[in-house]
Every structure is written in C-alpha cells, then in structure tokens.
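Here is the naming used below: chain letters follow the sequence lines, and residue numbers restart at 1 for every chain.
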2 protein chains.
Amino acid sequence: MQITRETDYAIRCILYLAGKDGNSAVVGEISRDQAVPRTFAAKIMQKLHKAGLVVSTRGVKGGYTLNRTPEEITLLEIVEAIEGPISINICVIDKNSCERQPHCNVHPVWVEIRDLLVEKLRSYTLDKLINNNPPSGDNTTGRRRA
Amino acid sequence: MQITRETDYAIRCILYLAGKDGNSAVVGEISRDQAVPRTFAAKIMQKLHKAGLVVSTRGVKGGYTLNRTPEEITLLEIVEAIEGPISINICVIDKNSCERQPHCNVHPVWVEIRDLLVEKLRSYTLDKLINNNPPSGDNTTGRRRA
DNA sequence: GTTTTTAAGACAAATTTTATCCTAATTATA
DNA sequence: TATAATTAGGATAAAATTTGTCTTAAAAAC
C-alpha cells in the first residue's frame, strides 16, 4: 500500500519546476538536480504533460514549465497523473472484480478510505509543500485567521 | 497505492473464521468457501497465526479459530499481519531512503497520511464488518446513543 | 541543415506478487 | 503403533508490475 518510486520522482520533479518560479527547465537539469534517472525522468515529465500539469516546449530553447501556479496544483493530481485513479483495493474501481457478490461487507470501507485519501491529497498544493505549510482547512497549529 | 490481493484474501479468510462463531475451520474449507487458492490460503493462515490473530491446531481434528473475539480484531492488524507496517512511502519507515536530505518537505505529508490510514483501519473490527456497522467514533448516520 | 529539445513506443532488467511443491512435525484414532 | 489428517516452513516458479533504457521521430532555434 505504497506510492511507487515513479510517483515520488514525479513529485520531486514538479516541485523542482515550481521552485524555478516561472522559468523553464529541461529534463537533464531536472534529472540531475533531483537525482532521478534521466530517461525515466523524461517519461515522467511526459505523463505530467499529458495530465496538463506542465507545459512542454520542444527545440533548442525548450523544456518544461508549470501549466498553473503552484497554488493550483495538488498532490492528488500528481499522484493520479502517474498512477491513475486512487483505489486502495481493486474492487473500488473495477466493478467486476468482486466475482462472488455485487459487493462484500468490506467494500464500503475501501471506498471510505479512498475518499479520505483523495481529500487529503487534494488539500496539499505545491506552494504549501514548498513553504512547508499545513493544508487548507487545517488549524491544528493554533494560528488564527486575521 | 493498493492493498495486495493477498491482504484482500486474508481479510476474507479471517472474516469467514469470525463467521463460524467459535468453531474451527481447516484451510481446505476456508479456501473453498472464500475462493482463494488452497496453498496460498495456507500461507496466509500461517501469517495470521504468526501475528497472533488466529489459533492453529495440527492433526486430525485440527484447523484454525480466532484467537480473540471479532470485536477485538481490527482491519489494521490483518493488513499489517500480511504487508507489515503501513508506510505509504518508503521514507516513512526507512530513514535511510531519503538520500539527499534528512527529510524533504513532502515527508510530513506521508507521515500524516499514514497516521490517518492507521487510525481508520484500526477503527474497523471484524464484528463491525460482519454486521455492516460504521466504525467506532462515527456517528454520521444520525443514530444516537441509548 | 545542424543542434537541441520533447514525444512515443518498443524493449529489457529488476523486483514484487501470486502462487505451488515438498518435506517435516503434530495430533487423533483405528 | 501405524495411518490419516492436518499445520509449519522453506524452496521454487510463474506472472505481473515496476523501473528503467533505447531508438526513431517531430519540433524549434539559430
């Protein structure tokens, strides 16, 4: 029940991009800085591009930039860009995977946990990760609103 | 980010045992009833035994029974009996896996999500799954205490 | 047209998951 | 005490997934 290394890489890569403050970076630079294998990083950036999280430019002055501000990109989007929809157990996504019954008694638990996970991942945006801030809605540190 | 099929099997198997209301069951019976491959089921029952969740008896009248009441066995224990400690990302468990820094900005997120998951899984006991009840502490259905 | 970059798909290695098989140990009972 | 029924544990194997690499093409700058 872990994220894959690829997902971890993807978060690092896009976080690096977010840190460039609007400037672009090429795969080689991202790969070097974040210590992810170059060709693997290339594949990851392609996935992030397909998911609409980054803009790609080909050619000599090409590279990648964020497609939105760091405030508008969530961990959930990054994870799902790499791994597809979160499901915890196969039965949450694939209706035909519970061969024996329409759904067993445990099924609602997986759905509940999936929803929990989705909400939590959605609450973290790139800028919060960069600034080490708690996610929206969290007020456990005792800070109060202005 | 899914539980393995083995874990799913394990939950089915122990749930079947819980349904036997104190009576024992042999691997063959569990395997047949829950449609999990016989030798694989045998391995799973061994893991549940090592984790102290079930009692095993060898020999002619042998088999498995629960080692506690269904109220006292949580989903968390079953998952961890099969998969080991929950971690979401390798860095949550293995301190040496973040090569570059002591821990990155994302690390606390994984810890938080791990904790969330652990709490949720702990809140579900076998009897709640059998009776399709919400976990302890949940009162979203509007029922009130007597 | 040459160089630098991304795009995409095929391929390959490594690891994990999902099993199976075999031998031993234990227990009931004929 | 021999036999049958069961679990215990380790070795092995097959399948699937993860983690990469390689090659060719397309695009853009100069």
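Residues from residues 73-82 of chain B placing a heavy atom under 4.0 Å of any atom in DNA chain C do not occur.
When DNA chain C is scanned in the 5' to 3' direction for atoms under 4.0 Å from non-hydrogen atoms of chain B, the outermost contacting nucleotides are C/dT18 to C/dT29.
Residues forming a side-chain contact (heavy atoms from CB on, under 4.5 Å) with B/K50 (at least two apart in sequence, or on another chain): none.
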Annotated protein contacts, base or backbone, on nucleotides 19-30 of chain D with a non-hydrogen cut-off under 4.0 Å, one of B, S, - each: SBB----BBBBS

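For the pair A/Q2 CD and D/dT17 P, the interatomic distance rounds to 17 Å; values are reported in whole Å. For B/M45 and D/dA5, the CE to C1' distance is 17 Å, given to the nearest whole Å. One interatomic measurement links the two molecules: CD1 of B/I44 to C1' of D/dT7, which rounds to 15 Å at whole-angstrom precision.
Note: B/L116 CG to A/L116 CG = 4.5 Å, rounded to the nearest 0.5 Å. The NZ atom of A/K128 sits 6.5 Å away from atom OG of A/S123, with the distance rounded to the nearest 0.5 Å.
Contact detail for A/P108 and A/C104: the closest heavy-atom pair is CD-O, 3.6 Å. The shortest non-hydrogen separation linking B/S31 to B/A41 is CB-CB, 4.1 Å. The minimum heavy-atom distance between B/R38 and B/G28, with the atom names listed, is NH1-CA, 3.6 Å.
Taking only side-chain nitrogens and oxygens, B/H49 never comes nearer than 4.0 Å to OP1 or OP2 of D/dT7.
The ring-ring contact (aromatic ring centres under 6.0 Å, His included) analysis of residues 22-57 of chain A, with sequence neighbours excluded, yields the pairs A/Y9-A/F40.
Side chains of A/L126 and A/L17 form no contact here, defined as non-hydrogen atoms less than 4.5 Å apart. Side-chain contact between B/S56 and B/M45 is absent, with no heavy atoms from C-beta onward closer than 4.5 Å.
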Show me, pair by pair, the donor-acceptor contacts under 3.5 angstrom made by side chains of residues 63-92 of chain B, not counting sequence neighbours?
| from | atom 1 | to | atom 2 | distance (Å) |
| --- | --- | --- | --- | --- |
| B/N67 | ND2 | B/G52 | O | 2.9 |
| B/R68 | NH1 | B/E72 | O | 2.8 |
| B/R68 | NH1 | B/E77 | OE1 | 3.2 |
| B/R68 | NH1 | B/E77 | OE2 | 2.9 |
| B/R68 | NH2 | B/E77 | OE2 | 2.9 |
| B/T69 | OG1 | B/E71 | OE1 | 3.0 |
| B/T69 | OG1 | B/E72 | OE1 | 3.2 |
| B/E72 | OE1 | B/T69 | N | 3.2 |
| B/T74 | OG1 | B/L76 | N | 3.4 |
| B/T74 | OG1 | B/E77 | N | 3.2 |
| B/T74 | OG1 | B/E77 | OE1 | 3.4 |
| B/E77 | OE1 | B/T74 | N | 2.9 |
| B/E80 | OE2 | B/I86 | N | 3.2 |
| B/E83 | OE1 | A/M1 | N | 3.4 |
| B/E83 | OE2 | B/T4 | N | 3.0 |
| B/E83 | OE2 | B/T7 | OG1 | 2.6 |
| B/S87 | OG | A/Q2 | NE2 | 2.4 |
| B/N89 | ND2 | A/D8 | OD1 | 2.8 |

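Electrostatic pairing of B/R32 and B/E29 does not count as a salt bridge here, judged by no charged N lying under 4.0 Å from a carboxylate O.
B/G28 comes within contact range of no nucleotide atom at all, as no heavy-atom separation falls under 4.0 Å. Within the nucleic acid shown, B/K47 has no heavy atom closer than 4.0 Å to any nucleic acid atom.
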